[in-house]
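Below, chains carry the letters A, B, ... as their sequence lines are ordered, and counting in each starts from 1.
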2 protein chains.
Amino acid sequence: MGHSKVEKAESHERIVKVAAGVFRELGVDGISVADLMQCAGLTHGGFYRHFGSRDDLVAEAVERALKDGSAVADAVAANPRSTIDAVVDAYLSLAHRDNVASGCAVTALANDVARSTERARSAYSLQVGRYVDLIMRLIEPMPQKKRRAAALAALATLVGAVSMARAVNDERLSREILKSAADDLKARLA
Amino acid sequence: MGHSKVEKAESHERIVKVAAGVFRELGVDGISVADLMQCAGLTHGGFYRHFGSRDDLVAEAVERALKDGSAVADAVAANPRSTIDAVVDAYLSLAHRDNVASGCAVTALANDVARSTERARSAYSLQVGRYVDLIMRLIEPMPQKKRRAAALAALATLVGAVSMARAVNDERLSREILKSAADDLKARLA
DNA sequence: ATTATCTATAGATCTATAGATAATGC
DNA sequence: ATTATCTATAGATCTATAGATAATGC
């Protein structure tokens, strides 16, 4: 039974981190407060010392998921020698398709966020903007005018392809979706 | 209190129809059996004479939503003079974005289906195949070899754009997503 | 003294079932 | 006689709260 301010901050961090993963995997309504707290190594009674309500955690966890889910993209952005092809291949990889809990939340939480609080939707909107900016920088050779529109359309292709690849239960079709989207994107952004 | 076989079939139909809409709008876990039955004008006790379990209704309602949601696409497919531009404009319209309950279930149910039964996922896979076939027919001028890949990538763009347009709470950005995707699709499929 | 966490539980809600009621259909 | 629907409720689960416990930090 830890009690210091440091330990409380660590508990809070652990709850949000667990929720950010589980919400992406099982949906925002896919797990109870009690089960979440157990996953974080705590009992459910302590929950309300950290959050005013379940919705408060949802908002904070969505923000966290959006940040965490762009880890790969952030790494790419930090390296000036990165290419758009590398981003496309990473986003449309089998690894990303199969690891929802650590993957991009713009895809994993799209439907949940559309039904969620303004706070969650604002965080989502900001993250979309960040992705668009990243893609724009990576396709600079393209004429300036159409660059933002092309980046938005490219992001839509990435998100839609991974969404469908996860929903179908035909492995061959799933891979075909990812590969077709990747080939198409590389060709049109080159 | 109706009791004929015809009336039972009508009740069943009404429950599935209501569920197909509400599940798209609120998510598969977004409404209780009792509330669904009330929406269908029945009391919740009668539910289990129609379905073995809630999951059975989910599977049937997902199948129905996938069929209903392609109504516009089906109409386009039936008319030999239809164009790919008409499909793109309809799919990426504000009307489609704002009417989730009657819209395309490949977008609205993607995340729920990924976590659902094999039956629901099979229905989803089939519907993806139907959309791809439809788009392929509409872009016949394109060289045969790349047609299927282009159709899959186009479908991904449609699905991703509507998903994001619904999740963001910035109306300007939402419209920009739809318009950018539409312009990009029309240009690359021409 | 304060507070982070725990145990226990209240109150609401959800799925599913039991038994009653009122029609249909042989 | 059969059955579609209704009322009522059992049993499980979920969010949130109350009060106890055990550590921190003045």
Side-chain angles (χ1 to χ4, degrees), chain A residues 1-62 64 112-113 115-117 119-120, chain B residues 1-62 64 112-113 115-117 119-120:
Chain A
M1 206 179 284
H3 296 76
S4 70
K5 285 180 183 174
V6 170
E7 282 172 315
K8 179 179 185 185
E10 285 171 357
S11 292
H12 188 98
E13 167 72 15
R14 224 161 47 239
I15 299 167
V16 174
K17 203 171 187 73
V18 165
V22 177
F23 286 169
R24 271 174 282 181
E25 194 162 7
L26 305 179
V28 158
D29 294 327
I31 187 168
S32 69
V33 167
D35 287 348
L36 265 173
M37 290 297 274
Q38 191 172 23
C39 288
L42 298 165
T43 55
H44 70 281
F47 180 81
Y48 295 89
R49 292 272 170 165
H50 291 282
F51 305 95
S53 69
R54 192 183 190 284
D55 271 348
D56 283 358
L57 167 66
V58 169
E60 194 168 334
V62 166
R64 176 66 58 93
D112 279 338
V113 167
R115 295 184 282 262
S116 192
T117 59
R119 185 176 160 197
Chain B
M1 206 179 282
H3 295 76
S4 70
K5 284 181 185 176
V6 171
E7 281 172 317
K8 180 178 185 184
E10 284 171 358
S11 292
H12 187 97
E13 167 72 15
R14 223 160 51 237
I15 298 167
V16 174
K17 202 171 189 73
V18 165
V22 177
F23 285 169
R24 271 175 281 183
E25 193 161 8
L26 306 179
V28 158
D29 295 327
I31 187 167
S32 69
V33 167
D35 287 348
L36 265 172
M37 290 296 275
Q38 192 172 22
C39 289
L42 298 164
T43 56
H44 68 283
F47 180 81
Y48 294 90
R49 293 272 171 166
H50 290 282
F51 306 95
S53 68
R54 191 184 191 285
D55 271 348
D56 283 359
L57 167 65
V58 169
E60 194 168 335
V62 166
R64 175 66 58 92
D112 279 338
V113 167
R115 294 184 283 262
S116 192
T117 60
R119 184 177 161 196

Item checked: Criterion side chain to side chain contact (heavy atoms under 4.5 Å, CB included) on B:Glu25 and B:Val22, from CA distance to verdict -> CA-CA 5 Å; B:Glu25 193 161 8; B:Val22 177; 5.6 Å; no
Note to self: Walk me through whether A:Leu36 and A:Ile15 qualify under side chain to side chain contact (heavy atoms under 4.5 Å, CB included).
What the structure shows: CA-CA 7 Å; A:Leu36 265 173; A:Ile15 299 167; 5.6 Å; no
Next item on the list: Check the pair B:Val28 / B:Arg54 against side chain to side chain contact (heavy atoms under 4.5 Å, CB included), numbers first and verdict last.
Entry: CA-CA 10 Å; B:Val28 158; B:Arg54 191 184 191 285; 4.3 Å; yes
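Atom CZ in A:Phe47 sits about 18 Å away from atom P in C:dT7, given to the nearest Å. Summarising the geometry, the separation between CG on B:Leu26 and P on C:dC14 is reported as 12 Å, rounded to the nearest angstrom. If you take CD of A:Gln38 and P of C:dC6, they are 11 Å apart, rounded to a whole angstrom. D:dC14 atom P lies 16 Å from atom CG of A:Asp55, rounded to whole Å. Following rounding to the nearest Å, B:Met37 (CE) and C:dA16 (C1') show an atom-to-atom distance of 12 Å. If you measure from atom CG of A:Leu57 to atom P of D:dC14, you get 15 Å, rounded to the nearest angstrom. One can place NZ of A:Lys8 at 4 Å from P of C:dA4, the figure rounded to the nearest angstrom. Atoms CZ (B:Arg49) and P (C:dA18) sit 11 Å apart, rounded to a whole Å.
Using a 4.0 Å cut-off between a side-chain N of Lys or Arg and a carboxylate O of Asp or Glu, B:Arg64 and B:Glu13 qualify as a salt bridge.
Atoms NZ and NE2, from B:Lys8 and B:His12 in turn, are 8.5 Å apart once rounded to the nearest 0.5 Å.
Picking from C:dC14, D:dT15, C:dT3 the nucleotide with the shortest atom distance to the side chain of A:Ser32 gives D:dT15. Side-chain atoms of B:Tyr48 lie closest to C:dT15 of the nucleotides D:dT15, C:dT5, C:dT15. Among D:dA8, C:dG25, C:dT5, the nucleotide with an atom closest to any side-chain atom of B:Lys5 is C:dG25.
Summary of the strand contacts: B:Leu42 and A:Gly46 both lie near DNA chain D, and taking for each the nucleotide with the nearest heavy atom, the more 5' one is attributed to B:Leu42. Toward the 5' end of DNA chain C, the nearer of the two residues A:His50 and B:His44, judged by each one's closest nucleotide, is A:His50.
Distances shown here put every side-chain N or O of B:Ser11 at or beyond 4.0 Å from the OP1 or OP2 atom of D:dA4.
Using a 4.0 Å heavy-atom distance criterion, B:Arg54 is classed as a sugar-phosphate-only contact. Within the nucleic acid shown, B:Thr43 comes within 4.0 Å of at least one base atom, counting heavy atoms only.
Across all strands shown, the partner of C:dA22 is D:dT3, judged by Watson-Crick or G-U wobble contacts whose two distances both fall under 3.5 Å. Using Watson-Crick or G-U wobble geometry with both donor-acceptor distances under 3.5 Å, D:dT17 finds its partner in C:dA8.
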